[in-house]
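The structure appears below as structure tokens.
Residue numbers start at 1 and run along the sequence shown.
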Amino acid sequence: MHKIVFVYLMVVSMTSVAVAQCDAQSTVPVRNAPYSAVRRVITTERKADGTTSRSEATEQEARDSKGRGYRAGERRWTTNIDGKSVEKSEMLVRISDPVANTETTWDTTSKVAKIVHFRSSNAVISANHQNVDAFSFDATAKRLNGTTLGTRTIEGISVHGLRYRTDESTHECWFSPDLKTVVSQTDQDPDRSFTNQLENIRLGEPDVSSYKPPSGYSASHVHLDQSGKTNSR
């Protein structure tokens with residue numbers, strides 16, 4: 001009998017929520033700003049008895065010059081098999097492709113890649129369209145009523161800083177106008193601290209082999225029609 005008693009989900013799902021607190025991007029794809037990096041997320045929780053717990057997660061992150069985004073993280077869990085605790089893991093991958101107007105996800109256990117085809121009305125703008133409003137630091141600062149912190153360099157990348165408060169929490173974000181992404185973020189709460197850091201940044205085109213499922217995977221296609229309903233096949 002298999003029983004999942006603990007699930008530790010890496011940043012495939014965490015980063016989208018974390019970055020959303022700092023980032024203000026339009027639906028225009030970010031083109032001509034290719035890179036690859038590792039995003040590390042560290043969370044420390046302070047308990048009522050004075051002790052702390054710390055969790056750390058990493059994921060591979062990349063974007064090519066056409067705006068295709070790639071994320072790959074690891075999920076770990078502990079399973080009870082015949083009375084023994086067995087640790088297992090799998091890789092979770094997500095690719096957003098504004099060129100093909102699709103989003104593809106797969107993991108290393110199911111051997112099936114799910115491909116969502118978006119409606120033509122949601123198709124990306126012509127490649128000749130510039131990155132208008134794809135990243136706006138000033139708009140983010142104004143929206144969050146924050147304090148600008150000037151510029152600094154992280155791993156050779158120039159970034160602009162912003163600090164703002166929500167209730168009892170303090171948030172600090174460092175954006176790269178060139179990469180058009182959050183390079184560093186920290187959140188401080190009374191009982192929790194959070195760090196989201198982009199590391200090992202490499203500018204230029206990532207390995208294109210990362211943008212397709214491994215050999216031997218089958219494809220499950222989901223097509224969105226004009227009404228927004230899905231058609232799976």
Side-chain angles (χ1 to χ4, degrees), residues 7-26 29-30 33-47 52-63 67-76 89 91-96 103 105 134-203 206 210:
V7 175
Y8 179 56
L9 206 57
M10 300 296 275
V11 293
V12 163
S13 60
M14 294 170 60
T15 17
S16 58
V17 176
V19 173
Q21 297 179 26
C22 288
D23 215 349
Q25 295 188 0
S26 76
V30 177
Y35 73 95
S36 58
V38 175
R39 191 173 291 278
R40 187 180 305 276
V41 174
I42 300 174
T43 303
T44 302
E45 295 187 9
R46 292 171 284 277
K47 301 180 181 179
T52 61
S53 63
R54 182 181 184 275
S55 62
E56 182 173 330
T58 58
E59 77 170 0
Q60 302 294 321
E61 177 178 316
R63 183 178 63 225
R68 295 180 296 182
Y70 169 88
R71 293 182 183 274
E74 184 181 14
R75 183 175 73 142
R76 296 179 181 176
S89 67
M91 293 298 297
L92 305 173
V93 182
R94 179 182 301 274
I95 293 174
S96 299
E103 182 174 86
T105 57
F135 176 89
S136 175
F137 178 81
D138 291 337
T140 304
K142 183 177 180 180
R143 178 175 60 87
L144 298 175
N145 193 28
T147 301
T148 56
L149 303 176
T151 61
R152 59 181 287 200
T153 300
I154 299 178
E155 293 204 7
I157 305 297
S158 178
V159 293
H160 294 182
L162 164 70
R163 184 184 293 119
Y164 67 99
R165 291 187 59 84
T166 56
D167 298 327
E168 297 181 344
S169 303
T170 301
H171 310 274
E172 185 172 303
C173 307
W174 292 89
F175 304 86
S176 167
D178 294 329
L179 293 183
K180 300 177 177 63
T181 192
V182 175
V183 173
S184 179
Q185 172 187 348
T186 57
D187 298 334
Q188 294 290 339
D189 299 324
D191 56 355
R192 174 181 172 274
S193 63
F194 171 90
T195 301
N196 170 14
Q197 182 80 28
L198 204 60
E199 303 175 349
N200 302 326
I201 303 172
R202 296 184 179 183
L203 303 181
S210 300

- Look up atom CG in Leu198 and atom OG in Ser184, then write down how far apart they are to the nearest 0.5 Å. 9.0 Å

- Query: Quick one: CG on Leu162 to CZ on Arg143, what's the gap to the nearest 0.5 Å?
  - Reply: 9.0 Å

- Determine, stepwise, if the pair Gln60 / Val38 fulfils side chain to side chain contact (heavy atoms under 4.5 Å, CB included). CA-CA 5 Å; Gln60 302 294 321; Val38 175; 3.7 Å; yes

- Message: Can you tell me how far apart CD1 (Ile42) and CD (Glu56) are? Round to the nearest 0.5 Å.
- Response: 4.5 Å

- Side chains of Ile157 and Leu203: does their closest heavy-atom pair fall under 4.5 Å? yes

- Query: Are any of the side-chain heavy atoms of Asn145 and Tyr164 separated by less than 4.5 Å?
  - Reply: no

- Query: Of the non-hydrogen atoms in Val93 and Tyr70, which two are nearest, and what is the gap between them?
  - Reply: CG1-CE1, 3.7 Å

- Note on the structure: Residues Ser158 and Pro177: closest non-hydrogen pair is O-CD, 3.7 Å

- Query: Going by distance alone, is a donor N or O of one side chain under 3.5 Å from an acceptor N or O of the other, for Ser193 and Gln188?
  - Reply: no

- Flag the pair Thr58 / Arg39 as yes when at least one side-chain heavy-atom distance between them is below 4.5 Å, and no otherwise. no

- Task: Tell me, with the steps shown, if Glu59 and Val41 meet side chain to side chain contact (heavy atoms under 4.5 Å, CB included).
- Result: CA-CA 9 Å; Glu59 77 170 0; Val41 174; over 6 Å; no

- Query: Between the side chain of Arg46 and the main-chain N/O of Arg192, is any donor-acceptor distance below 3.5 Å?
  - Reply: yes

- Task: Assess the pair Phe175 and His160: is the distance between their ring centroids shorter than 6.0 Å?
- Result: no

- Task: State whether Arg163 and Glu172 are salt-bridged, where the test is any N-O pair (Lys NZ or Arg NE/NH1/NH2 against Asp/Glu carboxylate O) under 4.0 Å.
- Result: yes

- Message: Strictly distance-based, threshold 3.5 Å: is any side-chain N or O of Glu155 a donor or acceptor partner for the main-chain N or O of Ile201?
- Response: yes

- Message: Quick one: does any side-chain atom of Arg63 pair with a main-chain N or O of Leu179 as donor and acceptor, under 3.5 Å?
- Response: yes

- Message: Please check this pair: side chain of Glu168 against backbone of Asp189, looking for a donor-acceptor N/O pair closer than 3.5 Å.
- Response: no

- Message: If I take atom CD from residue Glu61 and atom CD from residue Glu199, how far apart are they, to the nearest 0.5 angstrom?
- Response: 11.5 Å

- Here the gap from Ile154 atom CD1 to Gln197 atom CD, rounded to the nearest 0.5 Å, amounts to 5.5 Å

- Message: Taking CZ in Arg152 as the centre, count heavy atoms belonging to other residues, nucleotides or ligands within less than 6.0 Å. Is the count above 12?
- Response: yes

